[in-house]
Amino acid sequence: MDKIDIKSRKEVDFLVRRFYDQIRQHDTLGPIFNGVVKDWDTHLIHLSDFWEMILLQTGPGAGKFNPVKVHRQVDAEVDNSIEQAHFGNWLELWFQTLDRYFEGENASYAKEHARRMAHMLFMRIWEARAK
């Protein structure tokens, strides 16, 4: 399969769906995600909206997301058990999915944004526990 850059909602949706197929089967991440996400179809659309907004600056995502709040809620639901290693696993799968199917400027940006987001989200989860 030839690698392409992420240029439209079609590629974003493809990326998100392939990535979360792996997440759902992952030994460590699968139980967390499968335990929290009740409607995968809706969740995947929501995540595609988010990544379309981030990568393409298009779509219905503007003003729609609060990742810190959501991740703090998930951490609380799993008894404050999210660790930095979970974000490392998440990033590893994200990078593998991108490297398998995509290349180019937006694919590279997807990696960089995910790396920064993972760091920030873990720090915000940690801060919330201290309160």
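Note that the numbering runs from 1 along the sequence shown for the chain.
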Below 4.5 Å, heavy atoms only, C-beta onward: do D75 and R72 meet side chain to side chain? no

E127 versus R124: any side-chain heavy-atom pair under 4.5 Å? yes

Sequence neighbours excluded - salt bridge (charged side-chain N to carboxylate O under 4.0 Å, His left out) pairs with any residue from residues 12-36: D13-R17

For the backbone of S8 and the side chain of E11, can you confirm whether one donor and one acceptor N or O come within less than 3.5 Å of each other? yes

side-chain hydrogen bond (donor to acceptor under 3.5 Å, both in side chains) filter on T28, not counting sequence neighbours, yields none

Partners of H113 by ring pair (Phe, Tyr, Trp, His ring centres under 6.0 Å), sequence neighbours excluded? W51, Y109

Apply side chain to side chain contact (heavy atoms under 4.5 Å, CB included) to Q25 and list each qualifying residue two or more places apart in sequence or on a separate chain. none

side-chain contact (heavy atoms from CB on, under 4.5 Å) between Q96 and L93: does it pass, once the steps are laid out? CA-CA 5 Å; Q96 286 174 359; L93 291 175; 3.7 Å; yes

Using the side-chain hydrogen bond (donor to acceptor under 3.5 Å, both in side chains) criterion, which residues pair with S81? Sequence neighbours excluded. none

Side chains of F19 and Y101: does their closest heavy-atom pair fall under 4.5 Å? no

In terms of heavy-atom contacts, does NZ of K10 have more than 12 from other residues, nucleotides or ligands at under 6.0 Å? no

Apply side-chain hydrogen bond (donor to acceptor under 3.5 Å, both in side chains) to W40 and list each qualifying residue two or more places apart in sequence or on a separate chain. N34

Please list, chain by chain and in numerical order, all residues satisfying side chain to side chain contact (heavy atoms under 4.5 Å, CB included) with E83, sequence neighbours excluded. H86

So, N106 side chain and D5 main chain: donor-acceptor pair closer than 3.5 Å or not? no

The side chain to side chain contact (heavy atoms under 4.5 Å, CB included) partners of F122 (sequence neighbours excluded) come to Q84, F87, W126

Does any part of the side chain of R115, heavy atoms only, come nearer than 4.5 Å to the side chain of F95, both counted from C-beta? yes

Just distance, no hydrogens or angles: give the donor-acceptor pairs under 3.5 Å from side chains in residues 53-69, sequence neighbours left out.
from, atom 1, to, atom 2, distance (Å)
Q57, NE2, I54, O, 2.9
T58, OG1, E52, OE2, 2.9
K64, NZ, D49, OD2, 2.6
N66, OD1, K69, N, 3.2

Return the set of residues passing side chain to side chain contact (heavy atoms under 4.5 Å, CB included) with L98 (not counting sequence neighbours), or none when no residue passes. I6, L15, W94, F102, A107, A110, K111

Partner residues of E92 under the side-chain hydrogen bond (donor to acceptor under 3.5 Å, both in side chains) criterion, sequence neighbours left out: none

